[in-house]
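Have a look at the structure below before the remarks.
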Protein chains: 2
Amino acid sequence: MRLPTVEDVARTARVSRQTVSNVINTPARVKPATLLRVQAAIRELDYRPNQSARRLRQQKSATIGIRLDPQLNGISGAVLDRFLHSLTEQATERGLRVLLFTAATPTEEIDQIRALRDGADVDAFVLTATFDHDPRPEWLIEQKIPFVTFGRPWGIDDLNDPQHRWVDVDGRRGVYAATLSLLDAGAERVAWIGWPPPTATGDDRRSGWEDAMRERLGLGDAELASLCTEVVDDVAEATNAVANVLAGAVLPDGMVCASDTLALGALIAASTAGRRDIPIIGFDDTPVAAALGISSVEQRLDQVAAGALALLLGPVGDSVVASGALDVAHRLIEPALVLRRPQDLPMFNPSRIDGTAAADKH
Amino acid sequence: MRLPTVEDVARTARVSRQTVSNVINTPARVKPATLLRVQAAIRELDYRPNQSARRLRQQKSATIGIRLDPQLNGISGAVLDRFLHSLTEQATERGLRVLLFTAATPTEEIDQIRALRDGADVDAFVLTATFDHDPRPEWLIEQKIPFVTFGRPWGIDDLNDPQHRWVDVDGRRGVYAATLSLLDAGAERVAWIGWPPPTATGDDRRSGWEDAMRERLGLGDAELASLCTEVVDDVAEATNAVANVLAGAVLPDGMVCASDTLALGALIAASTAGRRDIPIIGFDDTPVAAALGISSVEQRLDQVAAGALALLLGPVGDSVVASGALDVAHRLIEPALVLRRPQDLPMFNPSRIDGTAAADKH
DNA sequence: CTGTTAGCGCATTCAC
DNA sequence: GTGAATGCGCTAACAG
């Protein structure tokens with residue numbers, strides 16, 4: 001049982017192969033009568049162009065490649081998953097396919113990218129999780145392989161390099177908004193629970209908290225430092241660290257965290273200390289945060305995906321354009337603050353346990 | 001800057017195109033001297049076969065398609081993510097690519113599969129999350145499209161249909177082992193926290209608990225029913241439900257749960273009731289369980305991925321074989337019990353908060 | 001507006 | 001062992 005080809009359609013519709021091709025690719029150039037006849041034949045045979053042949057002919061694959069991270073660290077692992085989903089969905093709408101690959105190290109990733117490109121399997125790549133001194137962008141630019149990164153080029157001065165297309169979430173602004181929401185509610189000692197610097201993403205997020213605290217309360221460096229806790233991204237470690245904070249001299253009346261992992265630790269510590277009333281805001285809006293009623297800063301991954309494709313393909317295109325063809329080569333997405341009230345969940349609140357739990361608005 | 005082709009390699013090595021092709025595909029049939037010369041030319045030009053051309057010629061894509069689930073099934077969402085990673089990794093080792101697609105409904109998924117197949121984009125499909133009266137396998141068999149499902153064909157009598165290749169995790173056996181581990185430790189009233197039937201997966205898992213309780217303690221239906229709690233897969237709901245259990249007449253001395261989501265609810269309820277000592281075992285071994293020190297039944301997703309590929313490609317092959325070519329058309333993977341001690345995490349345990357948290361062995 | 005010509009890069013016959 | 005044809009299915013360029 002062979003799949004029908006242009007030839008079959010042409011024979012059925014009594015036209016030449018090329019007319020069929022025209023009907024599919026440039027229908028405007030075909031006389032309405034024959035157009036209809038050919039389309040009928042296409043439907044009759046349930047014909048679809050063979051993509052391999054089309055790709056070979058057009059010298060492009062209409063496929064973008066993305067690496068699946070090795071082992072996504074803990075609770076925030078779902079972020080890439082959601083991004084992948086948005087990206088696939090929107091790529092499909094634009095007539096592109098998404099091809100997966102894995103690599104344990106940046107070097108290995110480069111090898112994979114080279115293989116994929118050399119095999120003409122992939123037209124462009126989406127890189128995630130950029131970091132300080134990331135070797136990948138430079139190599140890709142040098143190789144003239146189109147790409148876009150989810151994440152800014154950190155540490156280098158080429159934030160505006162048109163060669164390097166990037167989309168990122170404005171973590172600073174998200175944390176700024178989160179902090180303001182606590183200050184607006186009357187908090188005066190909002191603590192920051194973040195990662196030990198230097199981490200590009202973490203430092204950026206912390207600066208949002210700093211800005212808000214400076215602007216609203218006029219705090220100085222020393223005061224900020226006293227409200228700032230640094231701990232690696234681990235629930236147990238965060239629990240310990242925040243417990244110490246809560247046992248300290250200056251009791252915070254709000255906590256903004258660099259991740260939901262830290263926020264979960266903060267929640268556990270606060271609950272244990274009987275201070276479930278201290279509002280906590282995390283980052284990433286993971287399912288865990290939703291399940292536990294923790295407020296969080298949500299990365300709008302659908303917008304990130306849309307931005308990545310727009311940078312790669314142009315506003316409406318369906319094939320990869322050169323990096324110089326766009327006026328802007330980057331996009332900063334504003335995150336959304338998802339506020340949840342602690343009482344949405346009966347955690348550590350025996351009085352509500354027999355009541356009806358509020359549904360999680362997701 | 002054109003990519004090198006066989007022609008370029010042939011010219012460089014001073015042989016014909018076909019010899020180059022032979023060097024790549026059947027190196028045994030080439031004289032060692034020319035072999036070396038051609039290989040040197042390949043390396044020199046950094047030549048790689050164009051995959052589109054190869055696919056067109058061979059009439060196969062060496063690509064498998066998998067749908068990215070729309071629903072982020074809460075805390076357990078990462079399961080598909082991990083499976084995808086294993087699958088991609090092992091597929092790459094076998095020279096296959098993994099192509100993603102999305103679909104909101106089974107019907108839409110069928111449309112996507114048809115498009116992908118008709119475009120000769122994909123040789124075979126991996127379906128996840130099979131369910132009762134799943135329309136997809138039947139349609140795929142009818143269309144003669146090779147596929148394998150992660151999940152048994154539920155509800156039908158074709159568990160052994162060689163046309164339907166499937167891999168699944170033996171949930172019953174995992175829960176059985178989990179229950180036994182509690183009984184071995186001296187528990188006598190192990191409760192089951194599961195989903196309201198009928199859910200194929202959930203009922204299967206529950207039967208593991210039932211079997212263990214019957215065998216070891218000789219319990220009857222009524223006694224089992226009194227230890228069985230049914231609640232939808234939601235943390236808040238589970239918290240309520242387990243809180244009621246803990247406030248009831250028969251206090252369980254262990255809890256085995258159908259998911260980590262339920263286990264998290266159980267943990268919260270137990271903690272709130274001051275009964276953190278009651279051991280809890282979840283299912284899926286999610287990052288959350290790891291972070292909170294909850295024991296869990298781990299699906300060995302690397303084995304599932306390996307099984308899926310073995311069923312599709314044969315033990316060592318790199319191209320899809322017909323469904324009748326294998327002696328067995330399915331594989332049941334035994335899950336692993338991951339036991340964690342509650343004290344691994346200082347949750348709700350103020351006395352340990354200033355101590356060193358034990359590292360999580362993952 | 002339609003049909004003719006000519007490959008895209010590769011692998012599978014066959015001869016030699 | 002190696003090399004010469006042939007065509008996979010499609011579309012871009014050019015004639016008509």
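Every chain is numbered from 1 and lettered A, B, ... according to where its sequence line falls, protein lines coming before strand lines.
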At under 4.0 Å between heavy atoms, what does A:T34 touch on the DNA or RNA strands: base, sugar-phosphate, or nothing?
sugar-phosphate

Please output the side-chain donor-acceptor pairs of residues 299-307 of chain A that fall under 3.5 Å, not counting sequence neighbours, one pair per line with the distance.
from   : atom 1 : to     : atom 2 : distance (Å)
A:Q299 : NE2    : A:D284 : OD1    : 2.8
A:R300 : NE     : A:E334 : O      : 3.1

Filtered N/O pairs between nucleotides 3-6 of chain C and protein, under 3.5 Å:
from  : atom 1 : to    : atom 2 : distance (Å)
C:dG3 : OP2    : A:S16 : N      : 3.4
C:dG3 : OP2    : A:T19 : OG1    : 2.6
C:dA6 : N6     : A:R17 : NH2    : 3.1

Determine all donor-acceptor pairs shorter than 3.5 Å in which one atom belongs to a side chain in residues 37-48 of chain B; sequence neighbours excluded.
from  : atom 1 : to     : atom 2 : distance (Å)
B:R37 : NE     : B:A13  : O      : 2.9
B:R37 : NH2    : B:A13  : O      : 3.2
B:R48 : NE     : A:D118 : OD2    : 3.1

B:P27: what forms a side-chain contact (heavy atoms from CB on, under 4.5 Å) with it, not counting sequence neighbours?
B:L35

Mind checking side chain to side chain donor-acceptor pair (under 3.5 Å) for B:T19 and listing every partner two or more places apart, or none if nothing turns up?
B:S16

Whole angstrom is fine here: how far is it from CD in A:Q51 over to C1' in C:dC8?
15 Å

Closer than 4.0 Å, any side-chain N/O of A:R54 to the OP1 or OP2 of D:dT11?
yes

Residues passing the side chain to side chain donor-acceptor pair (under 3.5 Å) test with A:S61, sequence neighbours excluded, are A:D123

Quick one: list whatever passes salt bridge (Lys or Arg N to Asp or Glu O under 4.0 Å) with A:R114, sequence neighbours left out.
A:D111

With sequence neighbours excluded, what pairs up with A:E138 under the side-chain contact (heavy atoms from CB on, under 4.5 Å) test?
none

Between A:D318 and A:K60, is the closest basic N to carboxylate O distance under 4.0 Å?
no

Within this structure, what is the CZ-to-C1' distance between B:R55 and D:dG7, rounded to whole angstrom?
18 Å

Whole angstrom value for the distance that separates P of C:dC10 from NZ of B:K60:
17 Å

Heavy-atom nearest nucleotide on DNA chain C taken for A:L56 and for A:A28; more 5' hit belongs to A:A28

Across all chains, not counting sequence neighbours, the side chain to side chain donor-acceptor pair (under 3.5 Å) partners of A:S21 are A:N25

Expressed in angstrom and rounded to an integer, what is the separation of B:I24 atom CD1 from C:dG9 atom P?
14 Å

Just how large is the angle between the end axes of the helix from C:dC1-D:dG16 to C:dC16-D:dG1, five pairs per end, to 10 degrees?
40°

Close approaches to DNA chain D from residues 36-44 of chain B, in residue order (heavy atom, under 4.0 Å)
none

Could you check how far CG of A:N50 sits from P of D:dG7, rounded to whole Å?
18 Å

Does A:N25 make a side-chain N or O approach to OP1 or OP2 of D:dT11 shorter than 4.0 Å?
yes

Stepwise, does the side chain to side chain donor-acceptor pair (under 3.5 Å) test hold for A:T102 with B:H85?
CA-CA 7 Å; A:T102 62; B:H85 187 269; 5.1 Å; no

Does A:Q59 place a side-chain N or O at less than 4.0 Å from the phosphate oxygens OP1/OP2 of D:dT11?
no

Categorize A:Q58 for me: base, sugar-phosphate, or nothing, with a 4.0 angstrom heavy-atom threshold over every strand shown.
sugar-phosphate

Who passes side-chain contact (heavy atoms from CB on, under 4.5 Å) against A:R57, sequence neighbours left out?
none

